[in-house]
There are 2 protein chains.
Amino acid sequence: MRVRLEDVARAASVSPKTVSRVLNDEANVSDDTRKRVRAAMEAMDYRPLSSARSLAGNRSFLVAMLYDNNDNPASTYLAEIQDGVLEACDLHRYSMMVRPLRMRGDDFVRRLDAVISDHHPDGIVLTPPITDYAPLLQRLRERHVPFASVSPMSRTDNIGVAMDEQLAARTMVEHLLSLGHRRIAHVSGIADHGASRWRLAGYREAMAAAGLPEDPALVVEGAFTFASGVAAARQLFALKQRPTAVFAANDDMASGVMWAANQSGLKVPQDLSVCGFDDIPLASQLWPALTTIRQPSREMGKIAALQLLEVLRGRGQGQLVQMPFSLQIRESTAAIP
Amino acid sequence: MRVRLEDVARAASVSPKTVSRVLNDEANVSDDTRKRVRAAMEAMDYRPLSSARSLAGNRSFLVAMLYDNNDNPASTYLAEIQDGVLEACDLHRYSMMVRPLRMRGDDFVRRLDAVISDHHPDGIVLTPPITDYAPLLQRLRERHVPFASVSPMSRTDNIGVAMDEQLAARTMVEHLLSLGHRRIAHVSGIADHGASRWRLAGYREAMAAAGLPEDPALVVEGAFTFASGVAAARQLFALKQRPTAVFAANDDMASGVMWAANQSGLKVPQDLSVCGFDDIPLASQLWPALTTIRQPSREMGKIAALQLLEVLRGRGQGQLVQMPFSLQIRESTAAIP
DNA sequence: GACACAAATGACAGCGCTGTCAATTTGCAA
DNA sequence: TTGCAAATTGACAGCGCTGTCATTTGTGTC
């Protein structure tokens, strides 16, 4: 038969309520008692029944990770974040569920409400690009559902994890500048994603700081996909004055650019330097391996979830953790000839 | 305040137990009553509290999807299956959780037990490569946890979804043969994965049927990754008698082969035909677009979950659904010069 | 209309935990 | 040693639903 809390109580010669206190790490339990109870739990391999805990305690021990994969082809990114969130949840014995939640559609709030009412997550982890969708944030606040975000656009009133993407992008471009490149193109992402804005801003900042005039022809909008990288590259290669380096806003597009370069007979990095952003697994597998910005997605998912859990467990307020980035210089960038 | 089952009962002038019957689609409720109760539920936007249902009914309404991503770099594949499983679960108002579960390690059974004891899933969806791990299956049967599999190796005593991968592989190779190719190489996957075996078997079958002697040099083992495709291709290109076509056991490796071909100055498909398996998004984005076998992962995840749910809901036994495949002929394969 | 039987409905306890609040023990100052 | 507040522990009800079993209602037969 199942071991119940009551059984543990009997074994430890305390009341069920005391076992409950130990289980929930509550204060006001003597060290001696706590130890005895813990030992009994261990000895009996006690597994609290989460449905009973939820019913009695009015909490679900559930964290929901919301995402919109409609606009987000980089499923490897979401998968990594998911792994990180799950790791954090496991640490505190919370469950995790994942829910796609498309932004488009006027029944958005209804769908969000359904998720909350049906599953009662204690808290929510938001992933780009829905980290900044106003109706979502508003509704979560109205319903008092705590949430944490991965790479939110707004850096105030938010907990979770963020990276200084603008500085990272600037650093990337400065690397190209230091190699002697002057005609540096940028393939940006979907316009209203925070990631696109910051990376583009970082590019512009670096170019301006180097005293280079802005050339609109050198900035092409992509969609974070391999195919859009190919298309953007074709457009850039068709320019009368071809760029000598391309900074793509993510690795998928960067590999598209490299592919197109290969097709056009351009050697990377001899004829063209290419760099990306994210450091997806493919980046180091490509040949030549891609110079990029390392963004530890898995770790970021974990940290965001930990901030949320801190709040859920009544341990603190949580904060917006600033993530360091690192420039991964590999073989796809080189000095101009 | 929250609307409870009791409130619905009062509104519909029936006992709580009757509302419970309607909620659970049980028999022995008159059509009239059922309609009245449904209307009341609708009107009051009643949301049953799953923790109470679980506690009283001793079921969790939870489906767990288990995977081992350690050996499975194609996270896009798992993400699609996950989406499909989730869709099926939503259909029947079940929740879904995902759990990585590494096969290696002698504490495997303990880890599996922990998942079951902690979360009490009503059933489990297994994904390759853990669909055929004997200790896992044995333990699930011992604990009477129903499960369904996506592409299990054993086609007996299993419910879920499968594709005739061997026939698909054979069909792919026959396509190459029909284009006049004779020196056809195969880049296989991780040896003990079912997918690798079937695809290799299909390749051999087609070659033998065409009366071509088996040349061990033409079969190179990869690991389902882009990088392993590149490595395998290099090995094949180094052969004194280079193959004119390469059939890779998945699209990631096929794109690796194409990449390597590009690097070696081989034009695809003029100098080398390349084809893959799975039809991942990248396949149609590549240039030239990759000829491959379409494997509808998302749909397969959904179907597997539906078989499981049929069992969980006491609606039937579930079955191993055979999935049709389709050959996607694109631009990466062509007749030999 | 009376009877047998099946279908429909309801009463009630209890699933395993936690919230509330009361009871007991401990620690410490006087 | 006594007194009192603080710390610790426990008693008990109840969270919202479903299982069990009893009761009522409906249906068909002679």
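Per chain, numbering begins at 1; letters A, B, ... match sequence-line order. Basis for what follows: all heavy atoms, side chains included, without hydrogens, waters or symmetry-related copies. Bear in mind that the values here come from a model prediction, so they are computed numbers and not experimental data.
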Interatomic distance where [atom1] belongs to [X] and [atom2] belongs to [N] [whole Å]:
X     : N      : atom1 : atom2 : result
B:R53 : C:dG14 : CZ    : P     : 23 Å
B:R59 : D:dT18 : CZ    : P     : 9 Å
B:F61 : D:dG16 : CZ    : P     : 17 Å
B:R34 : C:dA7  : CZ    : P     : 14 Å
B:N28 : D:dT27 : CG    : C1'   : 14 Å

NZ/NE/NH1/NH2 to OD/OE distance under 4.0 Å, [X] and [Y]:
X      : Y      : result
A:R111 : A:D113 : no
A:D32  : A:R36  : yes
A:E42  : A:R38  : no

TODO: Please test A:E87 against A:K302 for salt bridge (Lys or Arg N to Asp or Glu O under 4.0 Å), starting from the C-alpha separation and ending with a verdict.
DONE: CA-CA 6 Å; A:E87 190 187 337; A:K302 180 176 176 182; 2.8 Å; yes

Is it true that the side chains of [X] and [Y] contain a donor and an acceptor less than 3.5 Å apart?
X     : Y      : answer
A:T33 : A:S30  : yes
A:Q82 : B:Q82  : yes
A:S95 : B:H119 : yes

Open item on the list: One character per nucleotide, please: for nucleotides 20-26 of chain C, 5' to 3', B when the base has a protein heavy atom closer than 4.0 Å, S when only the sugar-phosphate does, - otherwise.
Closed with: B------

Open item on the list: Let me confirm one number: the OG-CG distance from A:S117 to B:L49, rounded to the nearest 0.5 Å.
Closed with: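 Those atoms lie 11.0 Å apart.
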
Task: Spatial distance of atom CZ (B:F108) from atom CZ (B:R102) [nearest 0.5 Å] - done: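 Between atom CZ of B:F108 and atom CZ of B:R102 there are 12.0 Å.
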
Open item on the list: Closest-nucleotide mapping onto DNA chain C: is B:A52 or A:N24 further toward the 5' terminus? I mean the 5' end.
Closed with: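 Whichever sits nearer the 5' end wins; that is B:A52.
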
Open item on the list: If you assign B:A56 and B:A27 each to the DNA chain C nucleotide with the nearest heavy atom, which residue ends up on the more 5' nucleotide?
Closed with: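 Of the two residues, B:A27 wins.
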
Task: Global bending angle along the helix from C:dG1-D:dC30 to C:dA30-D:dT1, which compares the axes of five pairs at either end, to 10 degrees - done: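 Computed from the C1' atoms at both ends, the axes differ by 30°.
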
Open item on the list: Applying a 4.0 Å non-hydrogen cut-off, can you work out what B:L55 is touching in the nucleic acid: base, sugar-phosphate, or nothing?
Closed with: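 Touches a base.
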
